[in-house]
Amino acid sequence: MPNEQTDSKRAETWTFALTVVSLIAGGTVVAGFVDRWSGSESDNISVAASTSVSVTSTPDGGFAEDAPEFSYVTPTAVYPTTIPGCESVEAPEEDSFFSYILDGSNTYDDPRFPWFSSAKAAAMSDAVKQALPHDVELKFASPGNSLQFGPIYAPSNTDGLPEGFSLEDLASTTASGTLVRDGKIGALSLMLHSSSDPIPSCVAGSLVERRVLADQSVVDLQDTWSETNGVRTLGRSAMLYGVDGTRIQAYVNDTNNDGARDAESSGVVPLTLDELATLVEMPQLRITAPIPPDTAPLQIDCGGWADESSGRELDRGIVDALGEALRSGWRAAPPDAPDLGSQLGDLVLAENDTTTACQDLVARSGGNESRLSISITSGQPLPTPPNKYDPSYDGHPLSMVTAEDGSVIEHDESRWENVHRSVVVTHPGGTRVTVSSSAEAPNVPMTFEQLEFLATTDGLEIR
């Protein structure tokens, strides 16, 4: 571990007002810090490591003159120095601030990046999960928080790129998840992109070791810490500079959610530097690696329908049991029921909601296609019938009936650019099952009868 002294000779505090960063329709403002020099009481050069910062704004989107001060502390870099694996070490560079607007979209199939696709993302995701040490648990979460590589976000054109950056530098795919080892929690994230830039020089404070692989690819390792408003976070990283143009960074810290404001620190980083190096060195992650023919498709993130849930947190066993109940029940569906595919029942945790299981599918019947969404949560109150004489009554839901077991079944439909039809079943025990279907003309959604057949399947209650 690096020296962790925090006196004035070995560390520096940055204090500054938080800066406004606005989201602009069709694009995102991106801002960052790069290293800066600073003096110390010794003859060494001190530098604060680069970081991203949270931002605040006033309600009207203007600059906040009285924004709270923000303190960020990192260990200083000693220079001159030596670093294992580096023939020479350069002094830290002066810091600067930059911002730019990206106008683009998220996609798995951008022809500008032929090395990437949804199948490639699935293969890389599987490889990372399988490569984790046997005593490290990947915490059960939604697909997007389970080390699944997401789509590439890239600018739509090269106009306005910051100086020194190319399109490929800004087009990356990321994966993140929470790890548990010996009861200690930590957040792992990986970022991958392609680049033709040369391997950078060793810079004091930026790495603790450089390794050269058999194919002359290079891996830089870092082991450090930072303090944000007095709260310390431990972090390790490995960066691969592949000879084929692959660039992979793996970063792990000792927090439960990768450094957000409410992060809890465990005090232990769940992966060693050697284990991080093993991850980025995997041949399956190279942009030139072939995709195994038996690669399973990506799991798709989905959202729940509950406005507010006081239900129980779902584990993998509960979600799998609910999915099996759906598969089993649909086998008894009427002959005219649509084909829901082999993935029916592959439920996942909803995004940002550990109390809801869900799935999005495509229903096919002849030449007709419609979208199907299934959501199951708990802790929900039984709905009460609307007062049809209330001036605020808008005619929804279309119907509400109480079944013999006390469950309340709602039917509803809306017509805008498409037809959206839903059935909601709320059980006396608090489980709520929402099944909805939508389609654009000339396609039509599933019928109320078909949706209710799914929503009332035995075994969907969360107990």
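Heads up: numbering here begins at 1 and tracks the sequence.
Side-chain atoms of T355 and D353 include a donor-acceptor pair closer than 3.5 Å. In this model, no donor atom of one side chain and acceptor atom of the other lie less than 3.5 Å apart for S266 and D254. For S142 and N145, the side-chain atoms include at least one donor-acceptor pair closer than 3.5 Å. The closest side-chain donor-acceptor pair between T288 and D244 falls under 3.5 angstrom. Checking H427 against Q380 by side-chain atom types alone, no donor-acceptor pair falls below 3.5 Å. Inspection of the T356 and T377 side chains reveals an N or O donor paired with an N or O acceptor under 3.5 Å.
For R181 (side chain) and P270 (main-chain N/O), a donor-acceptor pair under 3.5 Å exists by modelled atom type. A donor-acceptor pair under 3.5 Å links the side-chain atoms of N443 to the main chain of E369, judged by distance alone. No donor-acceptor pair closer than 3.5 Å links the side chain of D390 to the backbone N or O of N387. A donor-acceptor pair under 3.5 Å links the side-chain atoms of T447 to the main chain of Q450, judged by distance alone. For the pair R421 (side chain) and M446 (backbone), a donor-acceptor distance under 3.5 Å is present. Between the side chain of K129 and the backbone N or O of M124, no donor-acceptor pair lies under 3.5 Å. For S146 (side chain) and Q148 (main-chain N/O), no donor-acceptor pair under 3.5 Å exists by modelled atom type. With hydrogens and angles disregarded, no donor-acceptor distance shorter than 3.5 Å links the side chain of E281 to the backbone of L279. Of the possible donor and acceptor atoms, none in the side chain of T228 sits under 3.5 Å from a partner among the backbone N and O of V231. Of the possible donor and acceptor atoms, none in the side chain of S172 sits under 3.5 Å from a partner among the backbone N and O of M191.
Between F116 and Y108, the two ring planes are parallel [angle under 30°; tilted spans 30° to 60°].
In this structure, E410 CD and L398 CG are separated by 10.5 Å, a value rounded to the nearest 0.5 Å. We find the OG-CZ distance between S437 and F448 to be 10.0 Å, quoted to the nearest 0.5 Å. Interatomic distance, S125 OG to Q130 CD, rounded to the nearest 0.5 Å: 11.0 Å. The distance from atom OG of S118 to atom CD1 of I291, rounded to the nearest 0.5 Å, is 8.0 Å.
Q359 and G345 make their closest contact through OE1-N, 3.0 Å (heavy atoms, listed as atom of the first residue, atom of the second, distance). Minimum heavy-atom separation, L138 to G177: CD1-CA, 4.2 Å. P381 approaches R432 most closely through the heavy-atom pair O-NH2, 2.8 Å. Of all heavy-atom pairs spanning E275 and T272, the tightest one is OE1-N, 2.9 Å. Here the closest heavy-atom approach between residue L326 and residue L344 is recorded as O-CD2, 4.1 Å. Heavy-atom minimum distance, I152 versus A171: CG2-CB, 3.9 Å.
By the 6.0 Å and 45° rule, R247 does not stack over the aromatic ring of Y241.
Here the options are T457, L460, L451, the test is side chain to side chain contact (heavy atoms under 4.5 Å, CB included), and the partner is V435; only L451 passes.
No salt bridge links K388 with D394; every basic N to acidic carboxylate O contact stays at or beyond 4.0 Å. Between E413 and R415 there is a salt bridge, with a side-chain nitrogen of the basic residue lying less than 4.0 Å from a carboxylate oxygen of the acidic one. Using a 4.0 Å cut-off between a side-chain N of Lys or Arg and a carboxylate O of Asp or Glu, D274 and R211 qualify as a salt bridge. For the pair D339 and R364, the salt-bridge criterion is not met [side-chain N within less than 4.0 Å of a carboxylate O]. Contact check on D110 versus R112 returns a salt bridge, with a Lys/Arg side-chain nitrogen under 4.0 Å from an Asp/Glu carboxylate oxygen.
Within 6.0 Å of CZ in R463 there are 12 or fewer heavy atoms belonging to other residues, nucleotides or ligands. Remark: D320 CG is packed, more than 12 non-hydrogen atoms of other residues, nucleotides or ligands lying under 6.0 Å away.
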If you apply the rule side-chain hydrogen bond (donor to acceptor under 3.5 Å, both in side chains), what do you find for T255 with N253, and how did you get there?
CA-CA 6 Å; T255 68; N253 62 25; 2.9 Å; yes
